[in-house]
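Accompanying notes for the structure given below.
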Amino acid sequence: MIDVILQAFASIVLDPVTLGLMFVGTLAGILAGAIPGFTIAMGVILTLPFTFGMTAVQGLATMLGVFVGGFSGGLMSCMLTGIPGTPSSVATTFDGFPLVRSGRPGLALGLGLWSSFFGGMISAVILVALAPQLAFLGLEFGPWDYFSLIIFALTITVSLSGGNITKGLIAGLLGLFAATVGEDEINGVARFTFGFDDFKQGFAFLPVLIGLFAFSQLLTDVEDDKRAKSPLMSQSGTVVKVEHRQAILIILKRWVNLFRSSFIGIFTGILPAAGGSISNILAYDQAKKASPNRSNFGKGEYDGVIAPEAANNATAGGALIMMMALGIPGDIVTAVMLGALMIHNIIPGPTFIQDEPLLAYGVFIAFFVAHFFMVGLQAFSLRIFLLVTKIPMYVLASVILAYCAIGVFALHNIVFDIWVMFFFGVIGYFMKKLGFPLAPMILGVVLGKLAELNLARATGISDDMLLFISRPWSLFFLLMAVISVIFPFYQEAKKETLFAKLYVPVSMIVLSLPLFLMGSPVRMIVAVILVLTGAYFLYKRTSSLKTT
Amino acid sequence: MSINKDTIVAIFLLLFCGIMINSSFDIEDPGYQGMKASFWPTIVLCLLSVMSLVMLIKSMVSTTDNNLNSENTNSQNIFLKFKNASICFLMFILFLAFLDYLGMLIGGVLFVFGLLTLLGGFEIKKIINHSIISIITIGIMWSIFTFGLKVILPEGEILRIW
């Protein structure tokens, strides 16, 4: 084990090429995160074509640099201009911007930067500790359980992506359908090709992803004529000196908030589809509730900066845990990383850490190292950021559209892939206009083939479809899928209704059933705790119903 | 009962499902044991049809959603709203259609220059800026992919003859 870790360490830290790529990746990530209209996912997607010529370790290390840099990049624009660069830094604006306006821009940036660093470090430790354990758990999964896990990943993406659940489910199903076009992997039979030879190879994952996400986003960015022609930011910040020492001292004094927010971030990251955009607001809300200076929130309170920034960087580690341990992407970024691994003929799954230990530990180390780059590059990237904000969006969009075409072509050296990107770009654009979330469709495309493969394996082993509900893990994931589909209705329901009062306790009691069936002592204890907690909530809530 | 954007989308989706389900009957069955090639797509399409039907019913029952007669849907507004996106679509189609002749280098430069000028304006100063931006950016990208990543990008008939 130690020699694998040392080898992985050497492949990252002692390789100047990998370090150089991470340097560029982190810088690009900080800028992508800082520019409003650009997202971290877009930064990672646009990095992918460059990774074709790299080794798997180098490619993933570069993308991790973009991923980690992106989270902290968002804090620059939100603090200096009051406009969040990414959805994951929305809550940082609440106290970061007032702190800057009160004359402490250096301290505000320092707090954000070092909270991101510490949050990332905590999540990196949890990632290293938890991912191999979760992977061992994953070894228990049969194809039935894996299929149900994919269904759960899709349903929770739908319920958390916001908006209309019907449209979310339709988007997810369209993604699953898109993955069926071309020759199927089990029988080698052509499907939905309509006589076109190009269709036989199916839609490659990368052109679909770039089309749906980057291409459609760029079209949306240039939609408004006036906005497209004006510089990216009308309010431009100034270069400030970051107060590192004081910021670190303040954060360490508030270690409870730091750890709480980091754990919120990690947990949110582990949940499929719940990314930094949710964790930063959740952590801010919890920090506010727990703080004795609640009235200071919104006026430049230190805890209000520490909480969201620690949480959003910790989310990255959480999302990686799911991808590394089970091969299930937690969000669009990890879906892209999964795609990058597939390009290098590596299929992540429960055996990934055992089969590819050098690569797996390389990812862990790259995640650590990226945080040091993020801190070191912040001052430098601030100057570049101020230059980039003077460029109008139409210039960036035009150049990136051309880059997308070149990048997509580089995948298989065929023009058909560029047509696929364009086609899905148009679909993505109109889907966004019509209120369909894109995340479920992207996950549908990524997980579609995996779902079909596991269904085929399951039905190949046994005709008994009841195995999907009689196997504990499969039942657990299917119940989670049902609970996640109902979740948006729970959110909308008024607190005093019977449904809203029963949703959480009933879900807890129901989820204990598969845990009881698993039989192991630890899981039995968890199941008993779930039943008792659920019963307590049920009693409290039904008795409050009677009194009203 | 009302007809709105969602109603039209749902009808379109139902038509799409109908066509694809019909096409799924043509999927060959090689007679191997195990799951047939048409099984999974059929399940997905059936679920998609059900969800589309739910969307259709919800849209027809809904009283507040995106009515087609609202002022946002008059032709002039639609044109203005989608003008820039349509320019991007058109330029991209032209770029792809002429890629075999122009190649990635010349085609890319012309695409970026055309798009920049159509979106940004036709003033002389801007045109000069746009031509510089398009040549430099595409030149750099082309060089990175060709020499750095060893990707053989489409050369185009023009360069080949030349």
Side-chain angles (χ1 to χ4, degrees), chain A residues 49-50 52-54 164 166-167 169-170 173-174 176-177 180-181 184 186-192 194 215 218-220 222-225 228-229 392 394-395 397-399 401-403 405-407 409-410 413 415 418-419 422 425-426 429 433-436 448 451-452 455-460, chain B residues 5-6 9 13 20 23-24 27-30 32-41 44-45 47-48 51-52 54-55 58 80-85 88-89 91-93 95-96 99-100 104 108 111-112 115-116 119-121 130 133-134 137-138 141-142 144-145 148-154:
Chain A
F50 285 114
F52 298 158
M54 303 174 192
N164 189 321
T166 314
K167 286 184 176 178
L169 285 170
I170 288 174
L173 288 164
L174 281 172
L176 289 177
F177 176 73
T180 66
V181 175
D184 88 310
I186 302 137
N187 299 304
V189 174
R191 300 184 296 199
F192 309 108
F194 301 101
F215 197 97
L218 291 167
L219 294 180
T220 313
V222 295
E223 204 172 58
D224 181 1
D225 219 22
K229 284 178 189 168
Y394 81 92
V395 173
S398 306
V399 173
L401 277 176
Y403 163 70
I406 299 175
F409 179 84
N413 284 18
V415 177
I418 312 180
W419 280 107
F422 173 66
V426 176
Y429 175 71
K433 293 278 125 208
L434 293 165
F436 288 88
E452 187 180 5
L455 184 63
R457 278 181 191 155
T459 52
Chain B
K5 275 187 225 166
D6 283 356
V9 173
L13 280 169
M20 291 303 160
S23 170
S24 72
I27 296 173
E28 195 188 327
D29 178 14
Y32 304 142
Q33 255 194 335
M35 200 171 89
K36 285 183 182 176
S38 59
F39 182 69
W40 173 245
V44 173
L45 285 167
L47 285 171
L48 189 58
M51 293 317 300
S52 306
V54 171
M55 187 177 161
K58 275 172 79 174
L80 284 175
K81 197 176 172 189
F82 294 112
K83 191 189 91 183
N84 284 352
C88 293
F89 292 154
M91 284 302 295
F92 209 87
I93 289 172
F95 164 68
L96 281 174
L99 195 60
D100 286 345
M104 196 62 93
F111 168 73
V112 174
L115 198 55
L116 283 172
L119 294 177
H130 293 162
I133 292 168
S134 54
T137 54
I138 294 297
M141 275 190 257
W142 187 85
I144 290 173
F145 277 91
L149 301 173
K150 309 280 183 222
V151 176
I152 303 163
L153 295 171

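Below, chains carry the letters A, B, ... as their sequence lines are ordered, and counting in each starts from 1.
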Worksheet item: Among B:Ile93, B:Ile144, B:Asp100, which residue forms the greatest number of heavy-atom pairs with chain A at distances under 4.5 Å?
Response: B:Ile93
Fill in: Closest contact, heavy atoms only, A:Phe192 versus B:Ser23
CD2-OG, 3.6 Å
Item to complete: Kindly write out the residues that satisfy side chain to side chain contact (heavy atoms under 4.5 Å, CB included) with B:Ala37, not counting sequence neighbours, or none if the list is empty.
Response: A:Asp184, A:Asn187, A:Val189, A:Arg191, B:Ile27
Practice prompt. Between chain A and each of B:Leu13, B:Leu48, B:Leu96, B:Val151, count heavy-atom pairs under 4.5 Å; write down the option with the most.
Written response: B:Leu96
Discussion item. For B:Lys150, which atoms come within 4.5 Å of any heavy atom of chain A: side chain, backbone, both, or neither?
Written reply: neither
Worksheet, complete the sentence: Counting heavy-atom pairs under 4.5 Å with chain B, the top scorer among A:Asp224, A:Leu455, A:Leu218, A:Asn413 is A:Leu455
Worksheet item: Which pair of non-hydrogen atoms, one from A:Gly448 and one from B:Trp40, has the smallest distance, and what is that distance?
Response: O-NE1, 3.9 Å
Discussion item. Need one label for B:Ile138: side chain, backbone, both or neither, based on atoms under 4.5 Å from any heavy atom in chain A.
Written reply: side chain
Response to the item:
Rounded to the nearest 0.5 Å, the CG atom of B:Leu45 sits from the CG atom of A:Leu173 at a distance of 9.0 Å
Worksheet item: Is there side-chain contact between A:Ile186 and B:Phe39, with heavy atoms separated by less than 4.5 Å?
Response: no
Fill in: Largest heavy-atom contact set with chain B, pairs under 4.5 Å, which of A:Val395, A:Thr220, A:Val181, A:Val415
A:Val395
Worksheet, complete the sentence: With chain B, the option among A:Thr459, A:Ile406, A:Leu176 that has the most non-hydrogen atom pairs under 4.5 Å is A:Ile406
Item to complete: Over all heavy atoms of both residues, which pair between A:Val426 and B:Phe89 is shortest? Give the atoms and the distance, please.
Response: CG2-CE2, 3.5 Å
Worksheet item: At their closest point, which heavy atom of A:Glu452 faces which heavy atom of B:Pro41, and how far apart are they?
Response: OE2-CD, 4.5 Å
Practice prompt. Report yes if some heavy atom in the side chain of A:Tyr403 is under 4.5 Å from a heavy atom in the side chain of B:Thr137; otherwise report no.
Written response: no
Item to complete: With a 4.5 angstrom heavy-atom cut-off, could you sort out which part of B:Val44 is near chain A: side chain, backbone, both or neither?
Response: both
Fill in: Engaged part of B:Met20 at the chain A interface, taking heavy atoms whose separation is under 4.5 Å
both
Worksheet item: Who wins among B:Ser38, B:Gly120, B:Gly148, B:Ser52 for the most heavy-atom pairs under 4.5 Å with chain A?
Response: B:Gly120
Worksheet, complete the sentence: Nearest heavy-atom contact between B:Val112 and A:Ala402 is CG2-CB, 3.4 Å
Item to complete: Only one of A:Thr166, A:Leu169, A:Asn164 passes side chain to side chain contact (heavy atoms under 4.5 Å, CB included) with B:Met55; say which it is.
Response: A:Thr166
Worksheet item: By a 4.5 Å heavy-atom criterion (distance strictly below it), what part of B:Ser134 contacts chain A: side chain, backbone, both, or neither?
Response: neither
Worksheet item: Any chance the rings of B:Phe145 and A:Phe409 have centres within less than 6.0 Å?
Response: no
Discussion item. When you compare the side chain of B:Leu99 with that of A:Ile418, does any pair of heavy atoms fall below 4.5 Å?
Written reply: yes
Worksheet item: Which region of A:Phe50, side chain (C-beta onward) or backbone (N, CA, C, O), has a non-hydrogen atom less than 4.5 Å from a non-hydrogen atom of chain B, or is it both or neither?
Response: both
Worksheet entry | Those residues that, when tested against B:Leu119, pass side chain to side chain contact (heavy atoms under 4.5 Å, CB included) (two or more places apart) | A:Val222, A:Tyr394, A:Ser398, B:Asn84, B:Ile87, B:Cys88, B:Leu115
Practice prompt. Measure B:Leu47 against the heavy atoms of chain A and call it side chain, backbone, both or neither at under 4.5 Å.
Written response: both
Fill in: Segment of A:Ala405 engaging chain B (4.5 angstrom heavy-atom cut-off)
both
